[in-house]
Amino acid sequence: LEELGAQYDEYEPLSLFPSDWYSEPAAAAPHRQWRYIAEAALGLAVVAVVLYFAVRPSGWDAVSSANQAKAEAVFSREASLIAGHEAEVTCDTSGQQVGIVQDADGRAEVGGRQAYLTPSICDTLYQLAFKDRVQSFPRTARAIAVLGHEAQHLRGVRNEGLANCYGFPSGVELGVNLGLSESRARAMMREQLATNASDSAGNAAYRVPSGCRSGGAEDLHPAEPEFP
């Protein structure tokens, strides 16, 4: 304005923004600073907790190597009792024998000595036998039925449907040996028998035959009133 001459003195200097925009920013109040620090600390704590549980071992991986070996020894003992000869049950953490790829919770050599279970099945059986813990009724029932089924293969039963049929009654004693009451173990195996048709809908080979009932052709103990 000075360069343009005195006639422009009456004009105010041009401002693009309100005058308060040009002032120094006010310092945050101390109590507000502490609030921001507290919120940041809380956020970091939440992230730490999430990361802790994300990387923390769970299931069978959370069981110590020593206890895994003890559990496999117990599973092997129970399979041997059903098979009628010495057998070894291995929890296949490698996924090479059983699991999602094989679409199988268990596998066994027919008439042989080796059986494999998925880590999930092993953990459920471990929780029952060593922690006296039933993770859930159907889940524990399924785990017992799988071990009983594979033990029947070790006994020499090749047919999948028959291995299920014979595995349910043997699963009652198996469940008792792992810590269940007889009534609860029997209830679990009856539930497995009742849901066999729907469970085997994707593979009819696993469906029990019509004689798999009390007094039926596949009842190995027809003199006993209860089945399984």
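Judged as a salt bridge (charged side-chain N to carboxylate O under 4.0 Å, His left out), the pairs with a partner in residues 124-144 (not counting sequence neighbours) are, in order, D105-R142. Residues in residues 80-92 take part in these side chain to side chain donor-acceptor pair (under 3.5 Å) pairs, two or more places apart or across chains: T90-Q114, D92-S94.
L193 is connected to V172 through a chain of hydrophobic side-chain contacts under 4.5 Å among Ile, Leu, Val, Met, Phe, Trp and Tyr, so both are in one cluster. In terms of hydrophobic clustering, with Ile, Leu, Val, Met, Phe, Trp and Tyr side chains grouped at heavy-atom distances under 4.5 Å, L147 and Y116 are assigned to different clusters. Residue I121 is grouped with residue L178 when hydrophobic side chains (ILVMFWY) are merged at heavy-atom distances under 4.5 angstrom, including chains of intermediate members. Taken together through direct or relayed side-chain contacts under 4.5 Å among Ile, Leu, Val, Met, Phe, Trp and Tyr, I82 and L220 form parts of separate hydrophobic clusters. Note on Y166: it does not cluster hydrophobically with V89, by side-chain heavy-atom contacts below 4.5 Å among ILVMFWY residues.
Atom CZ in R186 sits 10.5 Å away from atom CD in E173 (nearest 0.5 Å). In this structure, L154 CG and H149 NE2 are separated by 10.0 Å, a value rounded to the nearest 0.5 Å. Taken to the nearest 0.5 Å, the CZ atom of R155 stands 8.0 Å off from the OG atom of S170. Residue T140 holds its OG1 atom at 6.0 Å from CD of Q135, rounded to the nearest 0.5 Å. Here the OG1-CG distance, from T124 to L117, works out to 10.5 Å after rounding to the nearest 0.5 Å. Note that CG of D123 and CD of Q68 are 9.5 Å apart. Values are rounded to the nearest 0.5 Å.
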Could you go through the side-chain hydrogen bond (donor to acceptor under 3.5 Å, both in side chains) check for N196 and Q192 one step at a time? CA-CA 6 Å; N196 172 258; Q192 288 294 295; over 6 Å; no
Test side-chain contact (heavy atoms from CB on, under 4.5 Å) on L128 and I144 and set out the steps. CA-CA 10 Å; L128 173 61; I144 293 173; 4.0 Å; yes
Could you walk me through whether V74 and N177 satisfy the side-chain contact (heavy atoms from CB on, under 4.5 Å) test, starting with their C-alpha distance in whole Å, then the side-chain angles of each, then the deciding distance to 0.1 Å, before giving a yes or no? CA-CA 10 Å; V74 170; N177 291 345; over 6 Å; no
Does the pair L162 and Q152 meet the rule for a side-chain contact (heavy atoms from CB on, under 4.5 Å), with working shown? CA-CA 9 Å; L162 285 177; Q152 290 297 330; over 6 Å; no
How far apart are the C-alpha atoms of S183 and S181, what are their side-chain angles, what is the distance that settles it, and do they pass the side-chain hydrogen bond (donor to acceptor under 3.5 Å, both in side chains) test? CA-CA 5 Å; S183 61; S181 66; 3.3 Å; yes
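Formation of a donor-acceptor pair under 3.5 Å by the S64 side chain with backbone atoms of N67 is found in this model. The backbone N or O of A108 lies less than 3.5 Å from a partner atom in the side chain of E150, making a donor-acceptor pair. A side-chain donor-acceptor contact under 3.5 Å links E72 to the backbone of C91. No donor-acceptor pair under 3.5 Å is formed between the side chain of T118 and the backbone N or O of G99. A donor-acceptor contact shorter than 3.5 Å links the side chain of Q102 to the backbone of Q96.
Contact check for L180 versus V134: side-chain heavy atoms found under the 4.5 Å cut-off. Contact of the P228 side chain with the R190 side chain is registered, since non-hydrogen atoms from C-beta on lie closer than 4.5 Å. Considering only heavy atoms from C-beta on, F130 stays 4.5 Å or farther from V63 through its side chain. Between F227 and P222, the closest side-chain pair of non-hydrogen atoms is not below 4.5 Å. Side-chain atoms of L125 and V146, non-hydrogen and from C-beta on, never get closer than 4.5 Å to each other.
Here the closest non-hydrogen pair linking A141 and E191 is CB-OE1, 3.8 Å. When all heavy atoms of H153 and N159 are compared, the closest pair comes out as CE1-O, 4.3 Å.
Using the six-membered ring where Trp is involved, Y126 and W60 have ring planes that are perpendicular, over 60° apart on the 30 and 60° scheme.
Around CG of D103, the count of heavy atoms belonging to other residues, nucleotides or ligands within 6.0 Å does not exceed 12. A 6.0 Å sphere centred on CD of E226 holds more than 12 heavy atoms belonging to other residues, nucleotides or ligands.
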